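Working notes, beginning with the structure itself.
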Amino acid sequence: MNVLVTGGAGYIGSHACVELLNAGHSVVVADNLANANAECLRRVERITGKTLEFREMDLLDRAALNELFDTHRFDCVLHFAGLKAVGESVQQPLRYYNNNLGTTIHLCQTMAAHGVKKILFSSSATVYSPDNAMPVKESARTGGCTNPYGWTKYMSEQILTDTAKADPGWTVMLLRYFNPVGAHPSGLIGEDPRGIPNNLMPYISQTAAGRREKLSVFGGDYPTPDGTGVRDYLHVVDLARGHVAAMDYMAGHPGVHVFNLGTGRGYSVLDMVHAFEAATGKRVPYVIAPRRAGDVAEVYCDPAKAERELGWKAEYSLEDMCRDSWNWQSKNPNGFAAD
């Protein structure tokens, strides 16, 4: 298939590009490089031995988006593009709503105008209500989001669902991620956040590498076994392969489909620290800091539906996640910037 990958130069998008190319698909990436580096895509080509097309553009630019669809015949769109930091979204809600909802609306309008009606949306566990029992199933309550980032994912899901309801020709896959970590085993691509990391694993890796003095663990008084937040951490390669499985599923399944992509097991922040130290032999000094706005105590999923219907299951272990994160960090101490 000819696939458009929005945000394809980012952490998850780039790993998805690897799996798409390996599966024989043709890939065009649209990315404004706001939180990415074009070097990442050159490395994707090195990993796969295949080429992709890159367009540096913003999905809020209607003219550029229309020109892209005018000059390509896409079979499917994987929509990763968006701002994604929970804490930042609390501080800058209007920026998040404008960007994340605006890009989704523009993309859907342009797709509809060009007869492209298959989309996989990069959603998030943040769409689930915080009062759900664990593990979370796809049928659990949504809404009541604790931060604007989560609301943009929730609202984007609604936009896509209503679009498909109005036109049964659409096929929409809502893939709700839990916490992607790790890196490609080659060490060529991985998570490369700008400035201070918002996610746990790059902060752990940068602390182990000496780029950060210590890890700040946000909240030590949650109602969890060790007082720190519990999440469902998933290797990014497993997550990327979930997208290929979801694309295969779309062929005979029109309508809207929701899938959790996770391991089904929760680990605390301190579990992750200790696992990283054990897997790498590197010490990770940390301090307990105040809770972060918008965070919840515990989130992990029931991934049984994805295994049953998509034939997908997470294969990488926690040790793999830590080892591959350190392999990426140690080979690229400054991320892609060194290149």
Side-chain angles (χ1 to χ4, degrees), residues 1-45 47-48 50-84 95-124 152-153 156 159-160 163 170-175 177 180 189 191-194 236 239-240 243-244 246-247 250 336:
M1 284 200 288
N2 295 318
V3 184
L4 172 63
V5 183
T6 73
Y11 174 46
I12 301 170
S14 61
H15 285 82
C17 287
V18 168
E19 300 304 322
L20 289 167
L21 290 169
N22 282 340
H25 300 290
S26 297
V27 174
V28 177
V29 170
D31 199 303
N32 66 2
L33 302 182
N35 191 35
N37 191 310
E39 169 63 19
C40 179
L41 296 176
R42 290 187 281 273
R43 296 191 185 187
V44 166
E45 293 180 328
I47 291 168
T48 61
K50 300 179 180 181
T51 59
L52 53 75
E53 181 181 341
F54 171 50
R55 292 287 191 97
E56 184 176 350
M57 56 175 286
D58 196 312
L59 298 187
L60 292 175
D61 184 340
R62 289 180 182 271
L65 197 54
N66 266 303
E67 190 274 335
L68 178 65
F69 276 79
D70 284 341
T71 54
H72 293 76
R73 292 183 62 84
F74 296 117
D75 299 303
C76 179
V77 177
L78 272 64
H79 183 30
F80 296 98
L83 300 171
K84 64 175 188 175
R95 178 175 172 235
Y96 270 68
Y97 287 120
N98 179 68
N99 185 86
N100 292 4
L101 299 183
T103 55
T104 298
I105 291 169
H106 289 184
L107 180 61
C108 287
Q109 289 172 330
T110 307
M111 289 174 64
H114 291 81
V116 182
K117 298 182 179 181
K118 287 184 170 65
I119 185 169
L120 282 77
F121 178 57
S122 169
S123 194
S124 165
T152 67
K153 292 297 187 183
S156 290
I159 290 166
L160 291 164
T163 298
W170 280 78
T171 303
V172 173
M173 303 291 284
L174 305 176
L175 303 182
Y177 310 165
I189 60 173
E191 190 166 10
D192 182 25
R194 300 268 174 97
V236 67
L239 177 58
H243 288 76
V244 177
M247 273 183 52
M250 292 177 85
F336 296 112

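Values in this document were obtained by computation on a predicted structure and should not be read as measured data.
For the atom pair Glu53 CD and Leu4 CG, the distance stands at 10.0 Å (nearest 0.5 Å). Here Glu19 contributes atom CD and Ser14 contributes atom OG; the two are 10.5 Å apart, rounded to the nearest 0.5 Å. To the nearest 0.5 Å, atoms CG (Leu65) and CG (Asp61) are separated by 8.0 Å. Atom CD1 in Ile119 sits 5.0 Å away from atom SG in Cys108 (nearest 0.5 Å). Here Asn98 contributes atom CG and Thr152 contributes atom OG1; the two are 11.5 Å apart, rounded to the nearest 0.5 Å. The line from CE of Met250 to OG1 of Thr171 is 5.0 Å long, rounded to the nearest 0.5 Å.
Residues Tyr11 and Asn35 fail the side-chain proximity criterion, which asks for heavy atoms closer than 4.5 Å. With contacts defined as side-chain heavy-atom distances shorter than 4.5 Å, the pair Arg55/Thr71 qualifies. Side chains of Leu175 and Ser122 form no contact here, defined as non-hydrogen atoms less than 4.5 Å apart. Between His106 and Leu60 the shortest side-chain heavy-atom distance falls below 4.5 Å. Between Arg43 and Leu41, the closest side-chain pair of non-hydrogen atoms is not below 4.5 Å. Using a 4.5 Å heavy-atom cutoff, the side chains of Leu20 and Met247 are in contact.
Judged purely by atom type and a 3.5 angstrom limit, Asp192 uses its side chain to pair as donor or acceptor with the backbone of Phe336. Ser123 places no side-chain N or O within donor-acceptor distance of the main-chain N or O of Leu174, the cut-off being under 3.5 Å. With Lys50 contributing its side chain and Leu21 its backbone, the two residues share a donor-acceptor pair below 3.5 Å. Judged by distance alone, with hydrogens and angles left aside, the side-chain atoms of Asp75 form a donor-acceptor pair with the main-chain N or O of Asn2 at under 3.5 Å.
Taking each heavy atom of Leu52 and Cys17 in turn, the nearest pair found is CD2-CB, 4.4 Å. Across every non-hydrogen atom of Thr48 and Val18, the tightest pair is CG2-O, 3.7 Å. In terms of heavy atoms, Ala34 sits closest to Arg194 at O-NH1, 3.2 Å. Taking every heavy atom of both residues into account, Leu68 and Met57 meet most closely at CD2-SD, 3.8 Å. Across all non-hydrogen atoms, the minimal contact from Pro180 to Leu239 is CG-CD2, 3.5 Å.
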Open item on the list: For a salt bridge (Lys or Arg N to Asp or Glu O under 4.0 Å) check, start with the C-alpha distance between Glu45 and Arg42, then their side-chain angles and the critical distance, and finish with the verdict.
Closed with: CA-CA 5 Å; Glu45 293 180 328; Arg42 290 187 281 273; over 6 Å; no
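Phe69 and His114 have tilted rings, their planes meeting at an angle from 30° to 60° on a 0 to 90° scale. Ring pair Phe121/His79 is tilted by interplanar angle, where 30° to 60° counts as tilted.
Centroid-to-centroid, the aromatic rings of His15 and Phe80 stay 6.0 Å apart or farther.
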